[in-house]
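Quick note: residue numbers are just sequence positions, from 1.
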Amino acid sequence: MLKNFIKGLLFGSTVGAVGGLLLAPRSGNETRKKLTAELEEAADTTLDLNKSLQRFQQAVVTTRQTAAETLPVLQDGLKKDVESFKFQAEPRIEQIRQQVTRINEHVAQLEVLAPEKPEKTAEN
């Protein structure tokens, strides 16, 4: 089925090209010149595209190399910073826990010494 489709496509393209050349409003010389100019333009565009693709590929390679060199250093630095923060934060957290415990003890003592007074109502 695909074979028949391709044959039909090639046959249709050939018939279209021949018909276009026969019915063209230009002379054969003009048509050849125009075709040559368009082919040269297409070739130039293809070369430009290839050069752009090569530059893009080189940029991707350079980016990968830079990432491969930079990421491990960045990761190590972040790990050290986190470890340093933990080292500094743990004693502070323990101090805060101790202070909260002391405050809770003081609040409990105050509640024992000064029991809550009954609330005043609008009738009193």
Side-chain angles (χ1 to χ4, degrees):
M1 179 152 168
L2 183 62
K3 213 176 198 183
N4 290 336
F5 175 75
I6 293 174
K7 285 180 185 178
L9 187 65
L10 288 174
F11 179 74
S13 298
T14 305
V15 169
V18 169
L21 288 173
L22 290 175
L23 300 173
R26 296 182 195 90
S27 69
N29 242 0
E30 291 174 5
T31 303
R32 280 191 291 279
K33 287 179 183 177
K34 182 174 180 175
L35 185 58
T36 302
E38 288 180 5
L39 287 174
E40 286 175 1
E41 185 179 333
D44 290 342
T45 302
T46 303
L47 288 175
D48 290 343
L49 180 61
N50 284 336
K51 288 177 185 177
S52 295
L53 285 174
Q54 288 173 351
R55 286 192 299 265
F56 178 73
Q57 288 173 338
Q58 185 59 39
V60 168
V61 168
T62 302
T63 302
R64 282 185 181 168
Q65 289 172 346
T66 302
E69 294 169 1
T70 305
L71 287 178
V73 173
L74 180 64
Q75 288 174 336
D76 288 341
L78 287 173
K79 284 180 183 178
K80 288 177 183 176
D81 289 345
V82 168
E83 289 172 7
S84 174
F85 177 77
K86 283 182 181 179
F87 179 75
Q88 294 173 5
E90 287 175 356
R92 292 179 184 162
I93 292 171
E94 185 57 35
Q95 287 175 349
I96 291 170
R97 285 186 183 140
Q98 290 173 359
Q99 289 175 353
V100 168
T101 303
R102 282 190 224 125
I103 290 171
N104 285 335
E105 289 171 359
H106 288 293
V107 168
Q109 288 175 357
L110 288 174
E111 287 176 351
V112 169
L113 295 176
E116 289 185 27
K117 297 181 183 179
E119 293 184 23
K120 293 183 180 182
T121 60
E123 297 173 1
N124 289 343

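- Other residues sharing the hydrophobic cluster of V100, ordered by chain and number and joined by side-chain separations under 4.5 Å: I96.
- In this structure, the separation between CG on N104 and CD on Q99 is 12.0 Å, given to the nearest 0.5 Å.
- Within 6.0 Å of CD on Q98 lie more than 12 heavy atoms contributed by other residues, nucleotides or ligands.
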Where do Q65 and V61 land on the side chain to side chain contact (heavy atoms under 4.5 Å, CB included) test, with the steps shown first?
-> CA-CA 6 Å; Q65 289 172 346; V61 168; 3.8 Å; yes
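- Every residue two or more places apart in sequence or in another chain was checked for a side chain to side chain contact (heavy atoms under 4.5 Å, CB included) with K80, and none qualifies.
- Taking both residues in full, the closest heavy atoms of A67 and P72 are given as O-CD, 4.0 Å, listed atom of the first, atom of the second, then distance.
- Residues forming a salt bridge (Lys or Arg N to Asp or Glu O under 4.0 Å) with E40 (at least two apart in sequence, or on another chain): none.
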Considering only distance and modelled atom types, tabulate donor-acceptor pairs under 3.5 Å from the side chains of residues 47-57, sequence neighbours left out.
from: N50; atom 1: ND2; to: T46; atom 2: O; distance (Å): 3.4
from: S52; atom 1: OG; to: D48; atom 2: O; distance (Å): 3.1
from: S52; atom 1: OG; to: R55; atom 2: NH2; distance (Å): 3.3

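- For R97, there are no side chain to side chain donor-acceptor pair (under 3.5 Å) partners, not counting sequence neighbours.
- Taking L78 as the reference, L74 meet the side chain to side chain contact (heavy atoms under 4.5 Å, CB included) condition, with sequence neighbours excluded.
- Here OG1 of T45 is found 11.0 Å from CD of E38. Values are rounded to the nearest 0.5 Å.
- Under the 4.5 Å side-chain criterion, counting only non-hydrogen atoms from C-beta, R64 is in contact with V60.
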